[in-house]
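What you see is a predicted model, and the numbers here were worked out from it, not measured in a lab. For ligands, and for the atoms within them, numbers begin at 1 and follow the listed sequence. In what follows, residues are counted from 1 in the order of the sequence shown.
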Amino acid sequence: ASNQMWGGRFADGPDAIMEAINASIGFDKRMAAQDIAGSRAHAAMLGATGILEPSDVEAIREGLLTVLSEIDEGRFAFSTALEDIHMNVEARLKEIIGEPAGRLHTARSRNDQVATDFKLWVRDQLDAAEGGLIALIQALLEQAEAGADWVMPGFTHLQTAQPVTWGHHMMAYVEMFGRDLSRMRDARARMNTSPLGAAALAGTSFPIDRQMTAEALGFDAPAANSLDAVSDRDFALEFLGAASICGVHLSRFAEELVIWSSAQFRFVTLSDRFSTGSSIMPQKKNPDAAELIRAKVGRIFGANAALTMVMKGLPLTYSKDMQEDKEQVFDAADTLMLSLAAMVGMVADMTVNRDALAAAASSGFSTATDLADWLVRELCLPFREAHHITGTLVALAERKGCDLPQLSLEDMTSVHAGITAEVFDVLGVENSVNSRTSYGGTAPVQVRAQIARWKEMIA
Ligand code: ARG
């Protein structure tokens, strides 16, 4: 049998393989609500501009609502022969309302239709990502507030560097996820123009009102160039880009949770609700959620790379290649939302082992920089010389099997005669973090100021 949409031109129906490679209904049925919203806006506009009779518009409106409820209630029979969501909805509409259904596609093409549907879908995901990121930032703010002055080691090269506060470390992630949030908002603002009315590619000779459909669908304006409107997918690429960067942040934090929850670190204890056990080793409590979040950025970035490859080199305007946009974006969006939700749960639930943080903070010569700074400040030594003296003292402490505060004054003066007992005041970790009051520094007073700033911004 020939096709019901373009049967006029065709004598024969498609080969089964053709149908299999061509059909997108298996996945684009996820855009059913967006498709029907777009059609409703289009039909209302066709009525308002006098292109369609009010009675036809009313029949289309009611019919589309019936189709929507059939889909929502799982009573809709999706057909592969009908290719995609657009033709499935229209064919069912025709069964329900008859002849007026055939008028809905006036001044429209599947090209502007699919671009509109997909934009609406991606826009919802940008909003969902925003919600997930806000929830994560709130969970991090709570952790930061609880431990604004808890001392822990700060690392470079994963080697003990200088003492920092737990709150400061949490707030570093707040900054990262805050940028992700602003990237999602930027993407939303930039993508929010309506392709509807671009028709196949060149616009239409019907007196349509693109402003009206744009407004009805929550777009800021109609897209200004019809060729661009049907061939643009950079809204999807931008979402995938923002999602990839967010995935990188999630992955780095997940990696820290894996390290921190190990028996060697014991910085945090993950809740039972967000851990798994071992089938053979009874003692095990594994950070599987963190590991999976660490991995899932691979899928998100994979989608980003895949859609970039699909789009590169496509001539204007629409090519069927672009049907390959959806599965990638669907999977990436699902993956991102699940990762965000799992991270929120883990962060909200985890217990921080303050004592383990403190013990780790004062090992590994973490206050060596404080000692060097003291030599500069009190003895007016050039920093490079102070660095060398401190290094010599660290080596001495290492030989004696102790940390810097346990060296005697005699040890100190053997390396530099000018050192006095006051030096011991700066070798404690509390003193170290409290002294770093520069803007953005780790001192609890600075950390609390940043927490307050973020709470205000998020509220
Ligand atoms: N299923 C198609 C897609 O996802 C809809 C657009 C079809 N347009 C066309 N000219 N064949 O891209």
Looking only at protein heavy atoms, which one is nearest to atom 8 (N) of ligand 1, and how far off is it? N111 OD1, 3.0 Å

Ligand 1 atoms nearer than 4.0 angstrom to some heavy atom of S24 are 1 (N)

What residue and heavy atom of the protein are closest to atom 12 (O) of ligand 1, and at what distance? Y318 OH, 2.5 Å

Side chains of I51 and P207 in contact at under 4.5 Å (non-hydrogen atoms): yes

Using a strict 4.0 Å threshold on nitrogen-to-oxygen distance, state whether E83 and R110 make a salt bridge. yes

Among protein heavy atoms, which sits nearest to atom 2 (C) of ligand 1, and what does the distance come to when rounded to 0.1 Å? Q323 OE1, 3.2 Å

of all protein heavy atoms, closest to atom 11 (N) of ligand 1 is R110 NH2, 3.5 Å

Donor-acceptor check, side chain of K284 to backbone of T276, threshold 3.5 angstrom: yes or no? no

Using the ring of each side chain (for Trp, its six-membered ring), is F177 parallel, tilted or perpendicular to H249, with breaks at 30° and 60°? perpendicular

Using 0.5 Å steps for rounding, measure from the CG atom of N22 to the CG atom of D84. 8.5 Å

Nearest non-hydrogen protein atom, atom 4 (O) of ligand 1: K326 NZ, 2.5 Å

Any heavy atom of H86 under 4.0 Å from ligand 1? The part involved is side chain

Within 45° of the axis and under 6.0 Å from the centre of the six-membered ring of F239, does NZ or CZ of R123 qualify? no

Could you check atom 5 (C) of ligand 1 against the protein and tell me its nearest heavy-atom contact, residue, atom and distance included? D84 OD2, 3.4 Å

